[in-house]
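Note on naming: letters A, B, ... go to the chains in the order of the sequence lines (proteins, then strands), and numbering restarts at 1 for each one.
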Amino acid sequence: MSAFHNIVSRIRAGLSNDRAPEPRVTLPEDAQISAIAGRDLRAQFIAALTGVGGKAIEAADETSAVDKIAELVQTAGLRSAALGEGITVDAEALAQRLSRDGCRIARVGNSAVNPGDALSAIDAGIVEADYAIAPTGTLVLIGQPTRPRSLSLLPPTNVVLLRASRILPELAAALRAVGPQTIAAHPMVMVTGPSRTADIEKRIVIGVHGPKELYVVIIGERCCRPV
Amino acid sequence: MLPSGPDAFYAASNRAAADTELNRKLENASARHFEHLAVAKKEFAAYESERDVARRIKEDSIQRLDQLLAELKDRLEQRGVKVFFAQDAAAARDYIVKVAQTAGVKRVVKGKSMATEEIALNPALEQAGIEAVETDLGEYIVQLRREPPSHIITPAIHLSKEDIGQLFAQKLGVGYTADPSALTAVARERLRDKFLNAEMGITGVNFAVAETGTLVIVENEGNGRFCTTTPGIHVAVMGIEKVIPKFEDLSHFLEILARTATGQRLTAYTSFLNGPRREGDSDGPREMHLVVLDNGRTRMLADPVLREALYCLRCGACLNACPVYRHIGGHAYQSAYPGPIGAIVSPSLFGTAAAGHLPFASTLCGACKEVCPVRIDIPRILLHLRWKMTEGEGEKVAWPLAPARVRAAAGLFARAARYPALMRIAGRMGALMLKPFARDGYLRRMPGPFSAWTRVRDFPAPVADGVDGARPDGGSQGEEASRISKL
């Protein structure tokens, strides 16, 4: 008998005396409470993001987003940036604009390129988030061939594009939006602020192995008015 | 580090308790932890109800553990993950070393994983000539000191920033600094190169979702993401109890785990992994393994009282809350799992001879139960284990029990305590006998064997009706009281 079967039969024997008759508990409806429902999600997201050490940049539309990123590249002194495919702003236009300003651009998301090599000396990775969670300031990044995981991990600065309409009111809503089918087919990471630690005397330090700086460019008119 | 019996524990905990410097560091870190925690709890209106929901999901998961493990295994295998079930620590170690050797691995980067501490993986890798580098900052620090972690969330909680500054200056050849930011920057630079040049990454698992075949890893530093992204092989190690039924269930765990473990709303990184890199992907491991560990957990499951311990999320909150842990620190327990949760799981994982004494290393104050996010009744389990290891069937703890004189007195008390009338009479007699020794309402010096008490403490003098054998609740806990007194 295999170890798997051994373990499973020990579990069955162990439970045999007092196995619960109900196959699955049903969770009460009120279990999924959104403590802060009905507020301006965008403002709430920005407040939470700022609270964990991220920085929000607001842009009215795609053109404005390109301008704001170009501005950020100048002010933060970023000399190189890596760009994945499949972002909602015009990647070509963004790449040209940043190159013109003297920022070296690496295009990744092509399996021929080893991101570890391509990204090891890059200042910033630019990606787009699929969703965001307002009360926690969290970004949800679903992995795709055009969006290597390393892009939001290796460069010391991470620039994340986010459509304002993609900001959701709670964690449970984000998990529902992603859904079991997607999570079974793609890797995913939820990012809440820049990398951090409290391993030395429980003192919070920002910037350990992951990005030290996290900028979120929120694209879209203010959609949700406070209720 | 694995526990090695009561004598070693006694010596180590006595040393630790006398170490005032260690005490100061632990209190310092605990105080800051509770500050972070208080803020996080206050703004989370649903905290209490979410704890109940999380517990119910864990209860349900353990009730269906056989099905969930089979489902998880199938889903992961469909996507090319090699799933290995290990009945004990040796089987898990051997498997991982073999995978590394087969692939010609020279260097392994490790994310923080208590399961790999439990199976003592690092010494096995080193013996096979494979460099195993801990990459969580706290783990990196204790590894440089060639020490085990002393806390399951904050491995270097027993060290001050000055200690760490000296360590880095000595071992890494950098200038001395006690600035946590500067020290962190040193670790970032040193470990980046290791991440990019390791052939294998080894991590733990916080949750495994059966429905979707997803491994969930929560962390803050980004080292967990590196270990599962840049090396060609990823090996994840988890206990059988980590599996939960549904993807949506995670919404009830991720927030309470972050809040109780570190006082955050969510950890910086929550990774959801489902298999090796697919056609067209430009990164991620080419080979992925999951080691599912029993190592005594099915023994815990078979005991209806102890079973609850399998709900543990390894958040570390009970360690921070425990007056014993805060006094002696993690190393004194000599177990990969120290503190209250360690006291209840270690005997099953490491055996009664090695760790059967740990359930006795508690004051039963109940602080651990209060803070546990899934409301594990740790004091009840501690009592149950004490009973099991002194009076139950099976192996007993090899503990030199209290001196015969004390045990005889406790036995006498236990018998008398069953008769309220007798207790009342004995109480009055005791009060009468003690009266002559009272000075200014206190007993400061007693003759004979009682002097052992009065040497270290002043007792309030008894009042006429001060001892009453009857319990206000009518004695419903009488049986438990007699059980305690027999220990």
Side-chain angles (χ1 to χ4, degrees), chain A residues 2-4 6-8 10-15 17-20 23-25 27 31-33 35 48 108-111 113 115-116 120 135-136 138 145 148-150 153 171-172 175-176 180 183-184 187-203 205 207-210, chain B residues 28-29 32-33 45-46 49 53 56 60 63 65-66 69 85-87 137-138 154 156 160-161 164 180-181 183-184 188 191 196 211-214 220-223 225-226 229-230 240 247-248 250-251 254-255 262 265-266 268-274 280-284 294 298 301-302 304:
Chain A
S2 73
F4 169 69
N6 268 326
I7 291 171
V8 162
R10 278 207 295 276
I11 292 169
R12 286 188 186 139
L15 291 169
N17 294 330
D18 51 346
R19 196 154 188 149
R24 160 135 185 113
V25 290
L27 302 176
Q32 295 176 350
I33 303 163
V108 294
N110 169 345
S111 60
V113 182
S120 53
T136 57
T138 301
R149 301 184 208 179
S150 322
L153 180 63
L171 170 65
L175 296 182
R176 275 196 300 274
I183 207 67
M188 183 170 93
V189 64
M190 295 207 267
V191 175
T192 308
S195 84
R196 60 159 60 203
T197 186
D199 271 352
I200 301 178
E201 290 193 358
K202 288 262 174 194
R203 289 167 202 274
V205 174
V208 195
H209 301 301
Chain B
N28 193 4
R32 209 162 285 130
H33 170 83
S49 65
V53 175
R56 285 174 58 186
D60 175 50
Q63 282 294 332
L65 191 55
D66 49 344
L69 286 173
F85 280 78
Q87 301 199 52
L137 178 59
T154 321
S160 66
K161 55 190 195 304
I164 297 163
S181 299
L183 293 168
T184 303
R188 177 187 167 102
L191 287 169
L196 296 176
E211 170 193 41
T212 54
T214 306
N220 279 310
E221 298 181 0
N223 63 317
R225 292 183 68 193
F226 266 107
T229 301
T230 46
I240 53 169
F247 179 56
E248 64 182 37
L250 286 167
S251 71
L254 296 177
E255 276 191 78
T262 51
R265 291 176 182 176
L266 275 180
Y269 301 118
T270 308
S271 296
F272 300 74
L273 306 166
N274 60 19
D281 285 351
S282 50
D283 58 6
D294 178 347
T298 48
L301 176 137

Just by distance, no angles: are the side chains of A:Ser150 and B:Asp283 close enough, under 3.5 Å, to form a donor-acceptor pair?
yes
From B:Leu250 CG over to A:Leu175 CG, what is the distance, rounded to the nearest 0.5 angstrom?
6.0 Å
Is B:Ile164 in contact with chain A via its backbone, its side chain, both, or neither, using a 4.5 Å heavy-atom distance?
side chain
So for A:Thr138, is it side chain, backbone, both, or neither that comes closer than 4.5 Å to the heavy atoms of chain B?
side chain
Measuring from A:His209:NE2 to B:Leu137:CG, what's the distance to the nearest 0.5 Å?
6.5 Å
Heavy atoms only: give me the nearest A:Pro194-B:Ala268 pair and the separation to one decimal.
O-CB, 4.0 Å
Expected output: side-chain A:Asp199 to main-chain B:Thr154 donor-acceptor under 3.5 Å
no
Value rounded to 0.5 Å, distance of CG in A:Leu153 from OG1 in B:Thr229:
5.5 Å
Please examine the side chains of A:Ile11 and B:Ile240, heavy atoms only from C-beta on, and report whether any two atoms are closer than 4.5 Å.
yes
In Å, rounded to the nearest 0.5 Å, how long is the span from CZ of A:Phe4 to CG of B:Asp294?
12.5 Å
Between the main-chain N or O of A:Ala184 and the side-chain N or O of B:Asn274, is there a donor-acceptor pair closer than 3.5 Å?
yes
Test side-chain contact (heavy atoms from CB on, under 4.5 Å) applied to A:Val191 and B:Arg225, step by step:
CA-CA 11 Å; A:Val191 175; B:Arg225 292 183 68 193; 4.2 Å; yes
Please look at B:Asn220 and chain A and tell me whether the side chain, the backbone, both or neither of the residue comes under 4.5 angstrom of a heavy atom of that chain.
both
Closer than 3.5 angstrom, by distance alone: can the side chain of A:Glu201 be matched with the main-chain N or O of B:Lys161 as a donor-acceptor pair?
yes
Check the pair A:Thr197, B:Arg188 against side-chain contact (heavy atoms from CB on, under 4.5 Å), reporting the backbone distance first and the verdict last.
CA-CA 11 Å; A:Thr197 186; B:Arg188 177 187 167 102; over 6 Å; no
Closest non-hydrogen atoms of A:Pro145 and B:Asp281, given as atom of the first, atom of the second and distance, are CG-OD1, 3.6 Å
Using side-chain heavy atoms (C-beta onward) and a distance below 4.5 Å, is A:Leu171 in contact with B:Leu254?
yes
When rounded to the nearest 0.5 angstrom, what is the spacing between OG in B:Ser282 and CZ in A:Arg149?
10.0 Å
Scanning both residues in full, the closest heavy-atom pair of B:Arg265 with A:Ala48 reads NH1-CB, 3.3 Å
Which atoms of B:Asn223 come close to chain A, meaning under 4.5 Å heavy atom to heavy atom: side chain ones, backbone ones, both, or neither?
both
Minimum heavy-atom distance between B:Phe272 and A:Ile183, given as atom pair plus value:
CB-CD1, 3.8 Å
Are the side chain of A:Asn6 and the backbone of B:Gln87 linked by a donor-acceptor contact shorter than 3.5 Å?
no
Any side-chain donor paired with an acceptor under 3.5 Å for B:Thr298 and A:Arg10?
yes
Under 4.5 Å from a heavy atom of chain A, the part of B:Thr214 involved:
side chain
Less than 3.5 Å apart, any donor N or O on the side chain of B:Glu221 or A:Ser195 sitting next to an acceptor on the other?
no
For the atom pair CZ (A:Arg176) and CZ (B:Phe247), what is the distance rounded to the nearest 0.5 Å?
11.5 Å
